[in-house]
Number of protein chains: 2
Amino acid sequence: MDPQVQHRVNEMCASMSELGVNVTPRRAKVLETLASTDCHPTVNEIHSEVRRIYPSTSLATIYNTIELLKETGQVLELEFSGSPNRYDGLRPESHPHLICLSCRSVEDMDLFEIEDVSLDRVSHATGYNLVRQRTDYYGICPVCQESDEAIRH
Amino acid sequence: MDPQVQHRVNEMCASMSELGVNVTPRRAKVLETLASTDCHPTVNEIHSEVRRIYPSTSLATIYNTIELLKETGQVLELEFSGSPNRYDGLRPESHPHLICLSCRSVEDMDLFEIEDVSLDRVSHATGYNLVRQRTDYYGICPVCQESDEAIRH
DNA sequence: TTAAATGCAAATTTTTTGCGTGATG
DNA sequence: CATCACGCAAAAAATTTGCATTTAA
């Protein structure tokens, strides 16, 4: 396993143990799946991946494990209505995403262009006790722009 | 009707006409409801409001009307999974929101603390053809903080 | 043997769709 | 009379829940 992935899995395991729950083989596989990709998988995609090793795994177990990770702040959940939620277990802290309206891909966006506004500053300015933020940019990704071009010609 | 509300309703009517659809009385009432509040109502809340005037209105008509508004960029849809979407018809352009995890309130956040990063700049930096953004801050609103205090004492 | 983890299926919730009726120009 | 609007109900999709069984310390 890639050392960076291993490191994240260890972090996630540690926080589950702190929560007082066991990291069973199925749960471990969920963590590994989340830590192994930056594609922001859906619950179904995680389910399929886990089933490759433990074919009898149910969807409820995936939801359950993700719930535990959410409680410990070890996974970022991007909610959508109508389409399945996407999960980021590689970088669970708040960070911006690029979302393609055509192919539904979700990419991490690096911050070089954006000055991050700290939650503390906004909390102070608004009186809210803020715990996380969500920043998404919606549009058409370069690949889909190409495809659209191709179709037009 | 408040002149600011009237102005927004007019804008929304105009864009629906441009789309080539009629602004029927029920649709007009949906627009008015959206323009009359900054509470970011759900589809159900809009439905209830419209039914006060047109009691036979169906939920499908609300969804249908909102779909038309989305097509013309005249309403901002905040998607949530598990809980109903929230709509902002007063300020349909992308702007940040404060979302209370306790009472589920959604408030507009004024920009004084945040330097807005233009879509153009991010588009250029990423190669995406971006059309909108979403920025949410999640936490506990001042009112709920008070209630929590009260409970503790 | 006791508690936690899990599979399974049903229930819930939100949104969408299809179809037939009715209003309107 | 032709088209658009709309109510109604079913369908679809995602997530949650309840319960019985299995697993494992």
Side-chain angles (χ1 to χ4, degrees), chain A residues 12-13 15-34 40-72 75-87 104 106, chain B residues 12-13 15-34 40-72 75-87 104 106:
Chain A
M12 290 193 264
C13 285
S15 65
M16 287 191 78
S17 299
E18 276 177 45
L19 204 67
V21 300
N22 298 327
V23 182
T24 62
R26 274 146 212 244
R27 286 178 177 171
K29 185 64 189 165
V30 172
L31 310 195
E32 188 199 314
T33 303
L34 279 165
H40 307 82
T42 65
V43 162
N44 262 308
E45 286 161 356
I46 298 167
H47 189 214
S48 301
E49 190 62 24
V50 174
R51 278 196 147 169
R52 291 178 49 200
I53 312 297
Y54 306 108
S56 69
T57 308
S58 74
L59 207 46
T61 293
I62 315 297
Y63 276 107
N64 166 10
T65 306
I66 284 175
E67 183 57 35
L68 296 172
L69 288 173
K70 277 164 61 181
E71 283 174 32
T72 61
V75 72
L76 204 59
E77 181 180 63
L78 297 178
E79 292 185 50
F80 298 95
S81 74
S83 62
N85 292 349
R86 307 288 290 262
Y87 295 92
R104 298 247 130 220
V106 177
Chain B
M12 289 193 265
C13 285
S15 66
M16 286 191 78
S17 299
E18 274 177 46
L19 204 67
V21 301
N22 297 328
V23 182
T24 63
R26 275 146 212 243
R27 287 177 177 171
K29 185 64 189 165
V30 173
L31 309 194
E32 189 199 315
T33 303
L34 279 166
H40 307 81
T42 64
V43 162
N44 261 306
E45 285 160 356
I46 298 166
H47 189 214
S48 301
E49 190 61 24
V50 174
R51 278 197 147 168
R52 290 177 49 199
I53 312 297
Y54 306 107
S56 69
T57 308
S58 76
L59 206 46
T61 293
I62 314 298
Y63 277 106
N64 165 16
T65 307
I66 284 175
E67 184 57 35
L68 296 171
L69 288 172
K70 277 164 61 183
E71 283 174 31
T72 61
V75 72
L76 203 60
E77 180 180 63
L78 297 178
E79 293 185 49
F80 298 96
S81 74
S83 61
N85 291 350
R86 306 288 289 261
Y87 295 92
R104 298 248 128 220
V106 177

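Every chain is numbered from 1, with letters handed out A, B, ... down the list of sequences. Just so it is clear, the model here is predicted, and its values are computed rather than measured. Side chains included, hydrogens not; waters and symmetry mates left out as well; all remaining heavy atoms used.
- One distance of note links CD1 of A/I62 with CZ of A/R51; it measures 8.5 Å at 0.5 Å rounding.
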Going through the distances and angles, do A/L34 and A/L69 end up as a side-chain contact (heavy atoms from CB on, under 4.5 Å)? CA-CA 11 Å; A/L34 279 165; A/L69 288 173; 3.6 Å; yes

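- With hydrogens and angles ignored, the 3.5 Å screen pairs no side-chain donor or acceptor of A/S83 with any backbone N or O of A/F80.
- B/L19 has its CG atom 12 Å from the P atom of D/dC4, to the nearest Å.
- The distance from atom CG of A/L69 to atom P of C/dA5 is 13 Å, rounded to the nearest whole Å.
- Under the ring-ring contact (aromatic ring centres under 6.0 Å, His included) criterion, B/H40 pairs with B/H97, not counting sequence neighbours.
- With a 4.5 Å cut-off on side-chain heavy atoms, A/V43 and A/P84 do not count as touching.
- Residues satisfying the side-chain contact (heavy atoms from CB on, under 4.5 Å) test with B/N85, not counting sequence neighbours, are A/S81, B/E77, B/E79, B/Y87.
- Judged by distance alone, the side chain of A/H47 and the main-chain N or O of A/Y63 form no donor-acceptor pair under 3.5 Å.
- Distance, A/L68 CG to C/dA5 P: 8 Å, rounded to whole Å.
- For the atom pair CD (B/E71) and CD (B/E18), the distance works out to 13.0 Å, reported to the nearest 0.5 Å.
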Return a single string for nucleotides 10-15 of chain C, one symbol per nucleotide in 5' to 3' order, where B is base contact, S is sugar-phosphate-only contact and - is none, cutoff 4.0 angstrom on heavy atoms. ---SSB

Please write out each protein N/O paired with an N/O of nucleotides 20-25 of chain C under 3.5 Å, distance rounded to 0.1 Å.
none

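- Rounding to the nearest 0.5 Å places CD of B/E32 at 8.0 Å from CD of B/E49.
- Rounded to an integer number of Å, the gap from A/I66 CD1 to D/dT16 C1' is 14 Å.
- Under the rule for a side-chain contact (heavy atoms from CB on, under 4.5 Å), the partners of B/I53 that lie at least two apart in sequence or sit in another chain are B/K29.
- Atom CZ of A/R27 and atom SG of A/C13 lie 11.5 Å apart (nearest 0.5 Å).
- B/N64 places its CG atom 15 Å from the P atom of D/dC8, with the value rounded to the nearest Å.
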Indicate for each nucleotide in nucleotides 20-25 of chain D, in 5' to 3' sequence, whether protein heavy atoms under 4.0 Å reach the base (B), only the sugar-phosphate (S), or nothing (-). ------

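- In this structure, the NE2 atom of A/H47 is 11 Å from the C1' atom of C/dT6, given to the nearest Å.
- Side-chain proximity of B/A60 to D/dT17, D/dC8, D/dC6: nearest is D/dC8.
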